[in-house]
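Both backbone and side-chain heavy atoms feed into the values below; hydrogens, waters and symmetry mates do not. Since we're looking at a predicted model, the values are computed, not measured.
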Amino acid sequence: MEMLTIGAFAKACRLSPKALRLYDELELLRPARVDPETGYRYYAVAQLERARLVAWLRRIGMPLARIRQVCALDDASAAQEIRAYWARVEAETVGRRELVAFLVDHLSYTSRKDTTMLELRYSALSDTGLVRPANQDTAHAGAHVLAVADGFGAGGAPASTAAVRALKALDGEPLPGGSVLNLLEDAVQGAARAVRDAAPGKDDGTTLTAMVWTGSQLGLVHIGDSRAYLLRDGELFRITHDHTMVQSMIDEGRLTPEEAVVHPQRALLLKALTGGADSVVPDLRLCDALPGDRYLLCSDGLSTVVAHEELRRLLGSAPAPDAAVRSLVGAAIDGGGPDNVSCVVADVVETVKADGDQRLG
């Protein structure tokens, strides 16, 4: 059997040696022989056809987990599977086009003039659910601070309470837009210290997803797998990225979103506020607000039970934030309530100026 070194094989199939080593680890493309002394990989010439198929499928964006399934099929079934995959990609492109339009609008947005007055209308609700013995979530909605924290471990409840309490210190005077991210970063470090004091166990901690209102923008801080969403013009966008092992595997192409839903370690966090952590690096960003925007912050007790499209429908149909949080929590309970569920809903509305010139939103 004619053999090629990993370098020669990589050149022949147009896959890098690094990619070949990854595909070996994933059992997608195993070498024909591995030198027992040096660990050097050798590939059979007959493996080139499969390697080229893998390369082509990667070029069209197919995740590695699905490529593994395609490579296990006969040619006719593989062709059918590729056709089905591409039909789904084309359908998703429509949704991505709308997201691109939102991002262009978001990044091109210029601060509105002082003649436009905006404020938040908000509501928060938390429920133990139908399975957990106690509620370790904490939710808060105030004039300037919105926050959801999902505690875990024996000290999860005091951890989530401490984290949100640290952010509530910003719920007093209006916040200056230019320094809001600096204020948020300082506040989340204070939250980390508060969590260590409240729940010192290394396995105790909490997620934290919060927004602070400046009058025209919302500063977002996020760590963990609680989520923030924006409903704008009838479309629902997730504006946070889960800090979980399965999300990192999706990002790397090792899992599909469908596989992640049933993965045995789907709840494993890569980042959180914990009693054993010395420092934390959260996600921070600014979101420009438009009249009519509706924001949702929630623990995974909602997002893992209620599908994205149902979240969009419930948020879009509720007339006010208090009705929205009730319907969302109710949907999670109707879905079995396997976890604590908490959510905050806030609407951006126009208000009357002090001189009476501004119209009602």
Side-chain angles (χ1 to χ4, degrees), residues 61 63-65 92-93 95-107 137 139 146-152 160 163 167 180-181 184-185 187-189 191-192 205-212 217-232 235-263 265-274 277 279-289 293-309 311-312 315 339 342-344 346:
L64 293 177
E92 290 176 346
T93 300
R96 290 176 183 173
R97 187 182 300 118
E98 293 168 347
L99 177 56
V100 167
F102 158 72
L103 291 172
V104 169
D105 176 69
H106 171 71
L107 295 173
D137 284 2
L146 315 169
V148 166
D150 181 357
F152 55 87
S160 68
L167 268 291
V180 66
L181 291 185
L184 263 178
E185 188 166 17
V188 80
Q189 297 306 326
T206 184
T207 69
L208 179 63
T209 300
M211 305 187 85
V212 296
Q217 295 177 310
L218 283 153
L220 170 67
V221 60
H222 168 68
I223 184 165
D225 64 349
S226 295
R227 292 182 175 181
Y229 294 85
L230 167 62
L231 182 71
R232 175 176 285 176
E235 294 298 324
L236 184 63
F237 306 97
R238 176 153 64 101
I239 57 175
T240 53
H241 196 71
D242 292 347
H243 298 141
T244 60
M245 186 188 74
V246 294
Q247 182 63 58
S248 69
M249 294 174 72
I250 292 172
D251 296 341
E252 294 168 0
R254 295 170 180 255
L255 279 182
T256 66
E258 294 80 9
E259 290 170 330
V261 172
V262 295
H263 194 280
Q265 293 180 299
R266 59 188 177 276
L268 181 61
L269 292 170
L270 297 182
K271 193 186 291 188
L273 301 176
T274 67
S279 63
V280 62
V281 181
D283 294 344
L284 295 166
R285 59 174 289 190
L286 277 176
C287 304
D288 288 307
D293 285 350
R294 172 168 281 184
Y295 287 89
L296 164 66
L297 277 61
C298 66
S299 62
D300 66 342
L302 178 67
S303 58
T304 59
V305 176
V306 182
H308 184 93
E309 182 57 30
L311 288 178
R312 187 199 66 79
L315 281 170
D339 198 357
S342 298
C343 58
V344 171

Counting N and O atoms only, with roles assigned by atom type, does the side chain of S299 sit under 3.5 Å from a partner on the main chain of S342, one being a donor and the other an acceptor? yes
Report yes or no: does T240 contribute a side-chain atom to a donor-acceptor pair with the main-chain N or O of A228 at less than 3.5 Å? yes
With sequence neighbours left out, what residues match S160 under side-chain contact (heavy atoms from CB on, under 4.5 Å)? T138, A149, T206
If you round to the nearest 0.5 Å, how far is CG of L146 from OH of Y295? 10.0 Å
Hey, does S248 have a side-chain heavy atom less than 4.5 Å from the side chain of L270? yes
For A191 and L208 the tightest heavy-atom approach is CB-CD2, 4.4 Å
Do D300 and D339 make a side-chain contact, defined as non-hydrogen atoms from C-beta onward lying under 4.5 Å apart? yes
For L286 and G219, work out which heavy atoms get closest and say how close. CD2-CA, 3.9 Å
For the side chain to side chain contact (heavy atoms under 4.5 Å, CB included) test, which of V221, L284, V281, V180 pairs with E185? L284
From Y229 atom OH to E235 atom CD, the distance as rounded to the nearest 0.5 Å: 14.5 Å
How many angstroms lie between atom CD1 of I239 and atom CE of M211, to the nearest 0.5 angstrom? 4.0 Å
Any chance the rings of H241 and H222 have centres within less than 6.0 Å? no
Are D225 and L269 packed together at the side-chain level, in the sense that at least one heavy-atom pair is separated by less than 4.5 angstrom? yes
Please report the interatomic distance CG(L236) to CZ(R312), rounded to the nearest 0.5 Å. 8.0 Å
If you look at every heavy atom in F152 and T207, which pair is closest and at what distance? CE2-N, 4.4 Å
Interatomic distance, I223 atom CD1 to D242 atom CG [nearest 0.5 angstrom]: 12.5 Å
Spacing of CG belonging to L302 relative to CG belonging to D150, to within rounding of 0.5 Å: 11.5 Å
Heavy-atom donor-acceptor pair, R294 side chain to L315 backbone, under 3.5 Å: yes
Work out which heavy atom in L297 is nearest to a heavy atom in V148; give both atom names and the distance. O-CG2, 3.7 Å
